[in-house]
Engineer: 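My questions all concern the structure below.
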Amino acid sequence: MPELPEVETIRSSLAPALTGRRLEHVAILDPRLTRPEPPEIVARALEGERVADVRRRGKYLVVVFESGRHLLVHLRMTGNVLHPAPEGHRDDPHVRAVVRLDDGSDVIYRDVRRFGTWDLLELGELEAYFAARRLGAEPLSRAFTTASLGRALAGRKAPVKAALLDQRAVAGIGNIYADEALWYARVNPLAPAGGLSGEQIAALRVGVRKALRLGIRRQGATLRDYRGADGVRGQMQEEFRVYGRDGEPCERCGTPIVKTRVAGRGTWYCPSCQALRDAR
DNA sequence: CCCCAGCCCTGGTCGC
DNA sequence: TGCGACCAGGGCTGGG
């Protein structure tokens, strides 16, 4: 599941390959991708656009065109952007779009489960798009402070893990990095978000950044589908402290990691060093 | 506003 | 070997 580190890994290898290139031909094979816009309309609109930059906001990949338009790509669960196109992609039933660049290379969009989306925004629409979704702070930016995290969690009775998964609190965290961040911070995933102490909020901020930075350094986590744009697998799964490790000893205290369910998501934590504490 | 259940979607796994 | 049930979960909608 591509979260911030996976999207950032894709962004960083895509940016030099796409910047300055013109989109010569766009084929959108799955009409779901651009819903509710008709795929033909979006494909024709993209043709002729020249890439100015490839950025990221939360889990969104943002292709910036010289015209001022933006293509927002969200990979959701199983989306991949591949460049250069891998061998045999023409026979791959999961390829949902193909973009021919003016250097003759192809960018492939692949998505097994078809949750991913492409949104083409006109000049000046980007801010409103994110504002409408009330997308939260970038966790690796200077804007992500203990104070800003505290404000985002204040008054919320939901489990802190649910709050971390809410993109309005912090942008870019998904199920894997939420569990890892909580482990680093020694915070129980079920603790009410609004009841954390100042110390716990500070530790959580550090934990979030630590988990995400490690994820970027290891080029994301490949559990099954995720690949970098160059097709390379991530290595972050080798760094998991809790995610998917129920029954294995916590590396800090040796207590077996426990699996539970929070906010409908599989959730792993150490019941000892992430013990549920009374508020304050 | 908050919170949660349910939905979308496919492929892999498990039990029978 | 076949087949149905179930699970993975990001973002969104709708109900309470």
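Just so we're on the same page: letters track the sequence lines, and every chain starts at 1. We use all heavy atoms of the structure for the numbers below, so side chains are in, but hydrogens, waters and symmetry mates are not.
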Engineer: Where the side chain of H94(A) is defined as all heavy atoms beyond and including C-beta, which of dC4(B), dG12(B), dT10(B) is the nearest nucleotide?
Structural biologist: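 The answer is dT10(B), which lies nearest to the side chain.
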
Engineer: Using the side-chain heavy atoms of V112(A), tell me which of these nucleotides is nearest: dG11(C), dC3(B), dG11(B).
Structural biologist: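 Closest nucleotide among those given: dG11(B).
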
Engineer: Quick check for you: among dG10(C), dC3(B), dC8(B), whose closest atom lies nearest to any side-chain atom of R32(A)?
Structural biologist: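 The closest nucleotide is dC8(B).
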
Engineer: State which of dC9(B), dT10(B), dG11(C) makes the closest approach to the side chain of R35(A).
Structural biologist: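 Side chain of R35(A) sits closest to dC9(B).
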
Engineer: D111(A) has an atom CG; how far is it from atom C1' of dA8(C), in whole Å?
Structural biologist: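 That distance rounds to 14 Å.
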
Engineer: At 4.0 Å (heavy atoms only), tell me whether G266(A) reaches a base, stays on the sugar-phosphate, or touches nothing.
Structural biologist: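 Result for G266(A) = sugar-phosphate.
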
Engineer: Hey, is the side chain of R156(A) poking within less than 4.0 Å of OP1 or OP2 on dC3(B), counting only N and O atoms?
Structural biologist: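 Checking dC3(B) against R156(A), a side-chain N or O does come within under 4.0 Å of OP1 or OP2.
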
Engineer: Can you find a side chain N or O atom of Q167(A) that sits less than 4.0 Å from OP1 or OP2 on dG10(C)?
Structural biologist: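 No, outside the criterion.
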
Engineer: Under 4.0 Å between any heavy atoms, over every strand shown, what does K161(A) touch: base, sugar-phosphate, or nothing? Just pick one.
Structural biologist: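 The answer is nothing, as K161(A) stays clear of every strand by at least 4.0 Å.
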
Engineer: Pick base, sugar-phosphate or nothing for Y226(A), based on heavy-atom distances below 4.0 Å to the nucleic acid.
Structural biologist: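 No contact.
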
Engineer: Flag this pair as yes if the NZ/CZ of R252(A) is under 6.0 angstrom from the six-membered ring centre of W183(A) and inside a 45 degree cone about the axis; otherwise no.
Structural biologist: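 That pair qualifies as a cation-pi contact.
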
Engineer: Side chains of S67(A) and E49(A): donor-acceptor distance under 3.5 Å anywhere?
Structural biologist: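 Yes, side-chain donor-acceptor contact under 3.5 Å.
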
Engineer: Roughly how many Å is it from CG in D225(A) to P in dG11(B), rounded to a whole number?
Structural biologist: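 Interatomic distance, CG of D225(A) to P of dG11(B): 10 Å.
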
Engineer: Could you check how far CG of D166(A) sits from P of dC3(B), rounded to whole Å?
Structural biologist: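 So the CG-P distance, D166(A) to dC3(B), works out to 9 Å.
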
Engineer: Is the phosphate of dG11(C), meaning OP1 or OP2, less than 4.0 Å from a side-chain N or O of H74(A)?
Structural biologist: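 Looking at the OP1 and OP2 atoms of dG11(C), one of them is under 4.0 Å from a side-chain N or O of H74(A).
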
Engineer: Is there, by distance only and without an angle test, a donor paired with an acceptor across the side chain of R265(A) and the base of dA8(C) below 3.5 Å?
Structural biologist: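 Check fails, no donor-acceptor contact within cut-off.
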
Engineer: How many Å lie between CE on M77(A) and P on dA8(C), as a whole number?
Structural biologist: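 Going from M77(A) (CE) to dA8(C) (P), I get 10 Å.
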
Engineer: Ignoring hydrogens and angles, tell me if any N or O in the side chain of D30(A) forms a donor-acceptor pair with the backbone of R32(A) under 3.5 Å.
Structural biologist: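 Flag set: sc D30(A) to bb R32(A) pair under 3.5 Å.
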
Engineer: Pick base, sugar-phosphate or nothing for R261(A), based on heavy-atom distances below 4.0 Å to the nucleic acid.
Structural biologist: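 Counting heavy atoms under 4.0 Å across all strands, the contact made by R261(A) is with sugar-phosphate only.
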
Engineer: Under 4.0 Å: is that the gap between some side-chain N or O of K157(A) and OP1 or OP2 of dC4(B)?
Structural biologist: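 Answer is no, no contact under 4.0 Å.
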
Engineer: Rounded to whole Å, how long is the line connecting atom CZ of R113(A) with atom C1' of dC12(C)?
Structural biologist: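 Computing the R113(A):CZ to dC12(C):C1' distance gives 16 Å.
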
Engineer: Is it the case that the side chains of E6(A) and Y177(A) hold a donor-acceptor pair, with the cut-off being a distance below 3.5 Å and no angle test?
Structural biologist: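 Their side chains do contain a donor-acceptor pair, which is all the 3.5 Å distance test asks for.
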
Engineer: On DNA chain B, check which nucleotide each of G155(A) and R224(A) is closest to and give me the residue with the more 5' one.
Structural biologist: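 Nearest nucleotide further toward 5': that of G155(A).
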
Engineer: Looking only at atom types and distance, does a side-chain atom of R96(A) sit under 3.5 Å from a main-chain N or O of D111(A), one as donor and one as acceptor?
Structural biologist: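 Indeed, once roles are kept as given, a pair shorter than 3.5 Å links the two residues.
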
Engineer: Measure from CG on N175(A) to P on dG10(C) and round the result to the nearest Å.
Structural biologist: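 Roughly 5 Å, once rounded to whole Å.
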
Engineer: Whole Å only: how far is the CZ atom of R168(A) from the P atom of dC1(B)?
Structural biologist: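 Interatomic distance, CZ of R168(A) to P of dC1(B): 8 Å.
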
Engineer: Starting at the 5' end of DNA chain C and moving along, which residue's nearest nucleotide shows up first, R133(A) or Y243(A)?
Structural biologist: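 Looking at DNA chain C, the more 5' nearest nucleotide goes with Y243(A).
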
Engineer: Using only modelled atom types and a 3.5 angstrom limit, is any donor from either the side chain of R114(A) or the base of dC9(B) paired with an acceptor on the other?
Structural biologist: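 Under the 3.5 Å cut-off, the side chain and the base do not form any donor-acceptor pair.
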
Engineer: Can you measure from CD (Q274(A)) to OH (Y184(A)) and round to the nearest 0.5 angstrom?
Structural biologist: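 The CD atom of Q274(A) sits 11.5 Å away from the OH atom of Y184(A).
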
Engineer: Return the value, rounded to whole Å, for the distance between atom CZ of R134(A) and atom C1' of dC2(B).
Structural biologist: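 After rounding, the gap between these two atoms is 10 Å.
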
